[in-house]
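Before any comments, here is the structure.
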2 protein chains.
Amino acid sequence: MTETRLDAVKLDGAGPVYDQIRRAIRDLVVSGEWQPGTSVPPEHALMEQLGASRMTVHRALVQLAREGLIIRRRRSGTVVATPPASHAMLDILSIPEEVRQLGQAYAYEVLARTDGRPSPEVAELFGLKRSDRIAHLLVLHRADGRPHVLEERVIHAAGATGLAGEDFAETPPGDWLLQHSLWSQAEHAISAIGAGEEQAALLDIAVGEPCLLVERRTWNHSQPVTAVRLLYPGFRHRFVGRFGPYGAA
Amino acid sequence: MTETRLDAVKLDGAGPVYDQIRRAIRDLVVSGEWQPGTSVPPEHALMEQLGASRMTVHRALVQLAREGLIIRRRRSGTVVATPPASHAMLDILSIPEEVRQLGQAYAYEVLARTDGRPSPEVAELFGLKRSDRIAHLLVLHRADGRPHVLEERVIHAAGATGLAGEDFAETPPGDWLLQHSLWSQAEHAISAIGAGEEQAALLDIAVGEPCLLVERRTWNHSQPVTAVRLLYPGFRHRFVGRFGPYGAA
DNA sequence: AGCGCTCAATTGCATATGCAAATAGCACTT
DNA sequence: AAGTGCTATTTGCATATGCAATTGAGCGCT
C-alpha cells in the first residue's frame with residue numbers, strides 16, 4: 001500500500017471548501033497522480049494540512065467514495081479505487097470477457113496491421129494531425145470457432161505506451177489498451193448497416209446481412225487514444241440496459 | 001404549490017437516521033404520493049417531526065437533491081422535482097421531440113389498434129396473464145413526411161389510467177403514456193434486423209434493408225406497463241452516448 | 001400601478017464535540 | 001504455530017451552534 005504525497009492536495013479557493021477538497025483529490029485520482037491502491041491520507045492529516053475541520057474533510061471524502069473514486073474502511077483507511085474501467089465498463093470493452101460470459105470459447109486473429117501516419121479520412125474522423133503516428137488494425141474475434149465480431153481499430157501511439165513493441169499475439173488490442181492507456185472520455189454510437197462484401201466474407205454471412213455497428217472513440221484529456229468500429233452480425237446480438245427513471249438501477 | 005402531508009414521513013429504524021429519512025422521502029416521491037411540484041416540508045418542520053437534528057435532516061435532503069428527486073432553493077424551500085422521465089429520458093422516449101430536435105416536421109398515424117386480451121406470444125414476452133386487458137397498437141412516425149420509425153406497442157390497461165377512452169388522435173401513445181402512467185423500471189435492447197415485407201412497405205425501404213430494432217419494456221413496481229418495438233431504418237439513425245470512466249459526463 | 005426597501009424564512013456551509021463501530025497490529029497465552 | 005484478547009487508529013454518525021446567502025412577501029412611497 002504505497003503512500004500518497006500529502007502536500008499534493010491544494011485548494012483553489014473557488015466555491016465551498018468541501019468541494020474544493022473533493023475536486024482537488026478527484027483531480028489527483030483521475031490524472032493518475034494518485035495510482036489505484038495507494039492510500040489517501042487519513043481525515044486528521046488532511047484536516048491539519050488544509051486547515052479545515054474534520055467534518056468538512058469527511059464530507060468531501062464521503063462524496064468521493066459515493067462516486068466510486070475511493071474506498072474507505074474503518075481503521076484501514078482510505079485507498080484510491082481501481083478504476084471502474086476494468087469493472088463496469090469491462091462489459092462493453094472486453095470482447096474476450098463478453099464471449100466467455102456467454103459460455104463460449106474465445107479466439108481471435110489479427111488479420112492486418114499497418115503502422116504509420118493516418119490517412120486523411122482517419123485523421124479527419126479522429127481529429128488527428130497527419131504527422132501523428134498511429135497503428136491501424138483489423139481483428140476478427142471468434143466464439144466457439146465462429147466469427148463473432150469484426151474489429152477495425154486505430155490507436156494513437158502517443159496515447160498508448162509500448163505500442164510499437166507490441167504484436168498483439170497474446171492479448172487483443174482492446175484488452176491491451178485497458179492496461180497500457182488511460183481514458184477520460186468516450187463516445188459511443190450505435191447504428192445498423194448491411195455487411196459489405198469483404199466484411200461478409202470475414203464474418204461468414206451473406207452480403208447485405210443486417211449488422212450492428214458500434215463505433216467508439218476514446219480520449220484522455222482531449223488527446224485521442226483510440227477509435228474502433230465493431231461490426232456484429234445483427235441477428236445474434238443485442239445490447240441490453242436496465243434503468244429506472246432516476247438513473248441506472 | 002400544494003402542500004405535502006408532514007406526517008407521511010415515517011422512519012423504519014433500519015440503518016443510519018439520515019438514510020432512513022432519505023429513503024422515507026424517496027419512497028413518497030417515487031410512489032407518486034408526493035406529486036411533482038408539491039413542496040417538501042422545511043428542514044425545521046422535519047426536524048421536529050422526526051426528532052432529528054437539522055444537520056441530519058439536511059444531509060438526507062442534500063443527497064436527494066443530488067439524486068435529482070427534489071429541488072431546493074433558499075427561502076422558497078424544497079419541492080418535488082418533475083420526474084426526469086420528461087427530461088433526461090425524454091430524448092429516448094419522445095419521438096416527436098426527437099424529430100423536432102432534428103429540425104424536421106413531425107407527424108404520425110395510428111395504423112391499427114386492437115383492444116382485448118394478449119395473444120400467447122405477447123403474454124409470454126411480457127409476463128402478462130391471459131386475462132389481462134391490453135391495447136395493441138401500430139403507429140408510423142414521419143419526419144418531413146418521410147417514414148421515420150415504425151412503432152409496435154402493447155399497453156397494459158391496468159397500468160395506464162384512461163386507456164380505453166383514449167384514441168391517440170392528439171398525442172402518440174408513447175407521449176400519452178408519459179402523462180398517464182408511472183414507471184420504475186425499464187429495459188432496453190438494441191439489435192439489428194432486416195426489414196420484413198410489411199415493415200419495408202410501411203417504412204418505404206427495400207425488403208431486407210438493415211434496421212435498428214429498439215425494444216423497450218417498462219414496469220411500475222414489477223407490474224408491466226408497456227412494451228414497445230421501434231424499428232428505425234438503419235442508415236439514417238445512430239444512437240450516441242458520451243461518458244467517462246466514472247460515469248456519464 | 002410600479003418601484004424600492006426591509007424583514008424574515010429557508011437553505012448552505014463550516015466548526016467543534018462526542019461517541020460508536022470496525023479492525024490492524026501487537027502482546028500474550030496455549 | 002495458532003489462537004485470544006487488548007488497544008489504538010480510523011472512519012461513521014449525530015448533535016448543537018452560528019453565520020452567510022438567497023429571495024418571497026409585505027410595506028411604504030411616489
Side-chain angles (χ1 to χ4, degrees), chain A residues 1-4 6 9-26 29 34 37-81, chain B residues 1-4 6 9-26 29 34 37-81:
Chain A
M1 187 86 67
T2 323
E3 274 305 314
T4 54
L6 181 50
V9 187
K10 284 274 179 14
L11 304 191
D12 59 8
V17 178
Y18 79 88
D19 206 56
Q20 296 179 44
I21 301 177
R22 185 184 68 81
R23 290 196 321 267
I25 296 182
R26 182 203 58 190
V29 171
W34 282 6
T38 59
S39 73
V40 175
E43 296 182 353
H44 281 292
L46 288 169
M47 174 181 157
E48 289 193 2
Q49 157 79 14
L50 302 172
S53 80
R54 186 169 83 89
M55 283 309 285
T56 303
V57 172
H58 183 71
R59 182 168 176 181
L61 292 175
V62 163
Q63 200 159 328
L64 285 168
R66 211 179 9 238
E67 293 167 14
L69 296 230
I70 60 179
I71 294 171
R72 320 195 71 207
R73 271 172 43 225
R74 281 167 178 158
R75 164 69 201 187
S76 20
T78 303
V79 298
V80 176
Chain B
M1 189 86 65
T2 323
E3 275 306 313
T4 53
L6 181 52
V9 188
K10 284 273 179 16
L11 304 191
D12 59 7
V17 177
Y18 80 89
D19 206 56
Q20 296 178 44
I21 300 176
R22 186 185 67 81
R23 280 181 289 114
I25 296 182
R26 182 203 58 191
V29 171
W34 283 6
T38 59
S39 72
V40 174
E43 297 182 352
H44 281 291
L46 288 168
M47 176 182 154
E48 289 193 1
Q49 158 79 16
L50 303 172
S53 81
R54 186 169 84 89
M55 284 307 286
T56 302
V57 172
H58 184 72
R59 182 169 177 179
L61 292 175
V62 163
Q63 199 160 329
L64 286 168
R66 210 179 10 238
E67 292 168 14
L69 296 231
I70 60 179
I71 293 172
R72 320 195 71 207
R73 275 179 32 231
R74 282 166 176 157
R75 163 68 202 188
S76 18
T78 303
V79 299
V80 177

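In what follows, chains are A, B, ... by sequence order, proteins preceding strands, each numbered from 1.
- Using a 4.0 Å cut-off, some side-chain N or O of B:Thr56 falls inside it from OP1 or OP2 of D:dT15.
- Distance, A:Leu50 CG to C:dT15 C1': 15 Å, rounded to whole Å.
- With hydrogens and angles ignored, a donor-acceptor pair closer than 3.5 Å exists between the side chain of B:Arg74 and the base of C:dT11.
- The base of D:dG12 sits within donor-acceptor range of the side chain of A:Arg54, with an N or O pair under 3.5 Å.
- Across all their heavy atoms, B:Val9 and B:Ala24 have their closest contact at CG1-CB, 4.1 Å.
- B:Gly51 comes within 4.0 angstrom of sugar-phosphate atoms only, judged by non-hydrogen atoms across all strands, and of no base.
- Put simply, B:Tyr18 has no side-chain N or O that comes within less than 4.0 Å of OP1 or OP2 on D:dA14.
- Using modelled atom types, no side-chain atom of B:Glu43 and backbone atom of B:His58 make a donor-acceptor pair closer than 3.5 Å.
- Between C:dG12 and B:Arg72, a contact under 4.0 Å exists linking OP1 or OP2 to a side-chain N or O.
- Between B:Thr78 and the phosphate of C:dT11, there is a side-chain N or O to OP1/OP2 separation shorter than 4.0 Å.
- The distance from atom CE of B:Met47 to atom C1' of C:dA9 is 15 Å, rounded to the nearest whole Å.
- A:Arg59 comes within 4.0 angstrom of sugar-phosphate atoms only, judged by non-hydrogen atoms across all strands, and of no base.
- Contact detail for A:Arg72 and A:Val62: the closest heavy-atom pair is NH1-CG2, 4.1 Å.
- Of the candidates A:Arg22, A:Arg23, A:Arg26, A:Arg22 is the only one forming a salt bridge (Lys or Arg N to Asp or Glu O under 4.0 Å) with A:Glu67.
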